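Residue indices begin at 1 and follow the sequence shown. Fair warning: this is a prediction, and the values are worked out from it, not measured in the lab. Only this structure's heavy atoms are used, side chains among them; waters, hydrogens and symmetry mates stay out.
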Amino acid sequence: MPGPDDERAGPPAVVLPDGAEPRYGRLMASRTRDHEPPAAPAAVAVVLGAVTLYLGAVIPAEATVRHMVLCAVFGIVAVLSGWRAIAIAGRRRGPRAWAWVGVAIAAVGLVSFGWQALVIATGGAVPPPPWAPYLTP
């Protein structure tokens, strides 16, 4: 029979701070809340969305591949970050609104990027977008 000092006696008793009572019932098994502030991913979505819009609207003559990869990565991260902010914002209107703004800006940037990439990939068979009429593949 194991004694009180034996390691096989079982796990040690939980020590609670002074005045704390143990919780029982539904609260013990409830899912923990997400503690990330929704304004952080919403701000990231807006900033990266603006960068994506710029990168999607302006295609340089040199380092085009690097430019296009950065635009795609920033756009995808902006959309995912905005979606995360929308998911965790709950009823908070400010972070939800800014997250939607970031997603919308990033989506417009990705569409403009896709159009210009299509012009370059097809060798000019697709007409260039109106904001870049002198785009040459």
Cluster question for you: counting only ILVMFWY and a side-chain heavy-atom cut-off of under 4.5 Å, with indirect links fine, are Tyr54 and Val101 together? no

Is there a donor-acceptor contact under 3.5 Å from the side chain of Arg92 to the main chain of Ala89? yes

Should Leu118 and Val69 be regarded as members of a common hydrophobic cluster, given that ILVMFWY residues are connected when their side-chain heavy atoms come within less than 4.5 Å of each other, either directly or indirectly? no

On a heavy-atom basis, the closest approach of Ser112 and Trp131 is CB-CZ2, 3.3 Å

Hey, does the side chain of Gln116 reach the backbone of Ala57 with a donor-acceptor pair shorter than 3.5 angstrom? yes

Are Val111 and Val108 connected in the hydrophobic side-chain network, where two residues link if heavy atoms are under 4.5 Å apart? no

What are the two closest non-hydrogen atoms of Gly75 and Ala106, and how far apart are they? O-CB, 4.1 Å

ILVMFWY network linking Ile76 to Val65, side-chain heavy atoms under 4.5 angstrom: no

Please report the closest heavy-atom contact between Ala99 and Gly82, naming both atoms and the distance. CB-O, 3.5 Å

Of all the heavy-atom pairs spanning Leu55 and Phe74, show the shortest one and how long it is. CD1-CD1, 3.8 Å

Which of these, Val79, Leu53, Leu110, sits in a side-chain contact (heavy atoms from CB on, under 4.5 Å) with Ile105? Leu53

Any heavy-atom pair between the side chains of Phe113 and Thr52 that's under 4.5 Å? no

Heavy-atom closest pair, residues Ala42 and Ala85: N-CB, 3.6 Å

Under 3.5 Å, side chain of His67 to main-chain N/O of Gly56, donor-acceptor pair present? no

To check you understand the geometry: which heavy-atom pair defines the closest contact between Leu48 and Ala78, and what is its length? CB-CB, 3.7 Å

Would Val44 end up clustered with Leu70 when hydrophobic side chains under 4.5 Å apart are linked, directly or stepwise? yes

Do the side chains of Val119 and Pro129 get nearer than 4.5 Å, heavy atoms only? yes

